Student: 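My structure is below; once you've seen it, I'll send some questions.
Each chain gets a letter, A, B and so on, in the order the sequences are listed, and its residues count up from 1. Keep in mind it's a predicted model, so treat the numbers as computed, not measured. Below, each value reflects all heavy atoms present in this structure, side chains not excepted, and no hydrogens, waters or symmetry copies.
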Amino acid sequence: MYSTEEELIFKANDAKGKTFSEIDIHNRLLKNTKGQFGHIIEESLFGYDINSNAKPDFEELDIELKVTPIKINKNKTFSSKERLVLNMINYMNEPYVDFLNSSFWYKNKKLLLMFYLWLPDTQRKDFRIIDSFIYTYPEEDLEIIKNDWKIITNKIKAGKAHELSEGDTFYLGACTKGANSKSLREQPFSKTLAKKRAYSLKQSYMTTLVRQRINGNEMTKFTSSDKLKKNTIEELIELNFSSYYGKTLSNLSKELNIPINKNSKSYIPQFISAMLGIRGTKLTQIEEFAKADIKFKSVRIEANGIPKESMSFKNIDFNKWQDEEQWEKSTLYTSFEKSKLLFIVLEYKESKEANPDRQLYFKKVKLWNMPLEILNNELQNIWIETKKILDDGIDIQYVKRGCLVVEKNNLPKSNFNGVAHIRPKARNAQDKYLLKDGQKITKQCFWLNSKYVAEILK
DNA sequence: GCATGATCATGC
DNA sequence: GCATGATCATGC
């Protein structure tokens with residue numbers, strides 16, 4: 001029906017500014033079926049019959065239609081509300097083809113993206129389409145996506161489809177799909193059943209796209225398509241940093257011409273962007289890391305290889321934690337499942353006793369995401385235990401310690417299962433969080449145990 | 001020496 | 001004013 005992209009986008013633009021109830025001429029909104037927004041657009045706007053096959057929606061143009069929500073943040077920027085879910089991964093077929101013959105590439109090489117604005121406390125029918133455009137992957141993104149596809153299919157080939165995690169890859173993810181976590185499928189190289197998964201563009205990828213397009217956000221890349229044709233993004237990260245390994249921070253300071261301020265740790269982000277060859281760029285503005293949801297964490301390890309301190313994460317919203325019903329939808333699960341951490345490992349080669357003025361050395365970087373097994377065992381147990389404690393009411397005690405009165409609690413400690421614990425992180429002891437039962441507790445955060453971090457870095 | 005609570009410094 | 005990274009301090 002549409003013989004050129006121009007015709008298609010011209011038609012798509014008819015929907016701009018309209019709500020779904022204004023677009024819907026077949027009263028599809030009455031039925032509460034999933035994916036209904038895509039169906040309304042297909043049927044009422046483009047006059048297509050609804051299909052659910054392996055072909056792209058606009059087959060003659062090789063274009064797949066995707067209707068997807070964005071939301072406004074408190075600071076007025078936009079974020080994608082979700083990852084963009086693409087076609088199902090058929091574990092039995094996908095390992096036997098190459099990328100260009102894959103189901104992903106066949107169906108999703110070109111997308112007609114139609115963004116609608118999701119608003120809280122608003123009826124679905126009143127959401128408005130705010131932007132539509134045809135999306136093709138930039139050359140450098142496509143190289144990363146090809147490699148992601150390879151990571152996914154290699155895991156299937158290794159008989160590990162059941163261990164797939166969104167954090168394994170950079171832009172293209174394998175996200176769970178199915179009525180619940182019990183909808184399992186067989187895989188070709190293992191008897192273990194694996195969760196149903198679909199290809200998806202990560203939420204962080206979509207958010208970056210939205211901010212570039214709608215907020216006009218400009219980001220900086222440290223790679224290029226030429227470089228990505230020769231090396232994977234992981235190799236390029238290693239290549240950029242490895243020439244600085246073994247140097248002291250004071251040598252790095254001279255070499256990179258970035259002063260070290262003893263009272264501030266802000267020189268480390270400056271070192272990082274300089275080592276990546278994009279001096280002056282804020283870490284949040286590095287395109288590859290924003291799209292892939294890679295977060296930097298600097299670690300100082302002692303001469304024995306173990307960090308002196310555990311690693312802290314975001315503050316805990318206990319009331320939200322208590323309300324969470326599904327582990328896979330919890331903040332704890334999602335934050336570790338989709339993200340990668342890039343550890344910047346700094347090392348003391350001598351003990352503090354041997355040399356109080358000891359130097360810090362830049363040892364290495366390590367890109368890491370939490371293995372699904374740890375996530376679904378140790379971390380899930382902490383989540384369950386904490387929920388139980390919250391339901392029972394945290395046991396908060398005030399105990400004298402010298403001239404101070406300190407607050408004690410019964411939240412999971414570092415000996416709970418060796419991976420993580422919950423501990424205070426606040427401005428001071430008066431900086432409290434109000435719990436549902438009316439108790440106040442010093443603000444707490446989630447920590448990875450120092451010994452577990454040492455194990456990761458080994 | 002480690003575990004756990006407390007808090008500083010910075011940047012937005 | 002607050003979130004976050006980083007680190008101190010005390011008691012067992």
Student: If you define the side chain from C-beta out and look only at heavy atoms, does anything of I396(A) sit under 4.5 Å from E407(A)?
Tutor: yes
Student: With axes from five pairs an end, tell me the bend angle of the helix from dG1(B)-dC12(C) to dC12(B)-dG1(C), nearest 10°.
Tutor: 20°
Student: Verify salt bridge (Lys or Arg N to Asp or Glu O under 4.0 Å) between E234(A) and K340(A), making sure each step is shown before the conclusion.
Tutor: CA-CA 11 Å; E234(A) 188 156 9; K340(A) 282 180 184 288; 5.5 Å; no
Student: Can you sort out which residues in residues 378-393 of chain A have a heavy atom within less than 4.0 Å of DNA chain B? Ascending by number, please.
Tutor: none
Student: Heavy atoms within less than 4.0 Å of DNA chain C: which residues of residues 314-321 of chain A have one? Give them sorted by number.
Tutor: K314(A), N315(A)
Student: Could you pull out all donor-acceptor pairs under 3.5 Å where a side-chain atom in residues 451-458 of chain A meets a protein atom, sequence neighbours excluded?
Tutor:
none

Student: Are any of the side-chain nitrogens in K229(A) or E139(A) under 4.0 Å away from the carboxylate oxygens of its partner?
Tutor: yes
Student: Of the options K227(A), K291(A), K221(A), which is the one that meets E140(A) in a salt bridge (charged side-chain N to carboxylate O under 4.0 Å, His left out)?
Tutor: K221(A)
Student: Decide if atom NZ of K363(A) counts as having more than 12 heavy atoms of other residues, nucleotides or ligands within a radius under 6.0 Å.
Tutor: no
Student: Who passes ring pair (Phe, Tyr, Trp, His ring centres under 6.0 Å) against Y245(A), sequence neighbours left out?
Tutor: F362(A)
Student: Quickly work out the I268(A) CD1 to dG5(C) C1' distance and round it to whole Å.
Tutor: 10 Å
Student: Rounded to whole Å, how long is the line connecting atom NZ of K308(A) with atom C1' of dT4(B)?
Tutor: 14 Å
Student: Output side-chain donor-acceptor pairs under 3.5 Å for residues 371-382 of chain A, partner residues at least two apart or in another chain, one line each.
Tutor:
unit_1	atom_1	unit_2	atom_2	d
N376(A)	OD1	W327(A)	NE1	2.9
N377(A)	ND2	E373(A)	O	2.7
N381(A)	ND2	N377(A)	O	3.2

Student: What nitrogen or oxygen pairs link the protein and nucleotides 10-12 of chain C at under 3.5 Å?
Tutor:
unit_1	atom_1	unit_2	atom_2	d
dG11(C)	OP1	G402(A)	N	3.2

Student: Not counting sequence neighbours, which residues clear side-chain contact (heavy atoms from CB on, under 4.5 Å) with R213(A)? List them please.
Tutor: D131(A), F133(A)
Student: Please give me every residue in residues 416-443 of chain A whose heavy atoms get under 4.0 Å of an atom in DNA chain C, ordered by residue number.
Tutor: R423(A), K425(A), R427(A), K443(A)
Student: Expressed in angstrom and rounded to an integer, what is the separation of I396(A) atom CD1 from dT4(B) atom P?
Tutor: 17 Å
Student: Pick the closest DNA chain C nucleotide for E309(A) and for K297(A) by heavy atoms, then say which residue is nearer the 5' end.
Tutor: K297(A)
Student: Specify the separation, in whole Å, of atom CG of L249(A) and atom P of dA6(C).
Tutor: 12 Å
Student: Can you sort out the partners of D148(A) under salt bridge (charged side-chain N to carboxylate O under 4.0 Å, His left out), two or more places apart, ordered by chain and number?
Tutor: none
Student: Could you check whether the rings of F296(A) and F289(A) sit parallel, tilted or perpendicular, using 30° and 60° as the cut-offs?
Tutor: perpendicular
Student: Angle class for the W105(A)/F99(A) ring planes (parallel below 30°, perpendicular above 60°, tilted otherwise)?
Tutor: tilted
Student: Would one find more than 12 heavy atoms of other residues, nucleotides or ligands at under 6.0 Å from atom CD of Q123(A)?
Tutor: no
Student: Starting from P on dG5(C), measure out to CZ on F296(A) and report it in whole angstrom.
Tutor: 13 Å
Student: Under 4.0 Å between any heavy atoms, over every strand shown, what does S298(A) touch: base, sugar-phosphate, or nothing? Just pick one.
Tutor: sugar-phosphate
Student: What's the CZ-P distance between F446(A) and dA3(C), to the nearest Å?
Tutor: 19 Å
Student: Atom CD of Q444(A) and atom C1' of dT4(C): how far apart are they, to the nearest Å?
Tutor: 15 Å
Student: Are I70(A) and I130(A) close enough that some pair of their side-chain heavy atoms sits under 4.5 Å apart?
Tutor: yes
Student: Output all residues satisfying side-chain contact (heavy atoms from CB on, under 4.5 Å) with S414(A), sequence neighbours left out; order by chain, then residue number.
Tutor: H421(A), N449(A)
Student: Kindly write out the residues that satisfy side-chain contact (heavy atoms from CB on, under 4.5 Å) with K110(A), not counting sequence neighbours, or none if the list is empty.
Tutor: E5(A), I63(A), I134(A), T136(A)
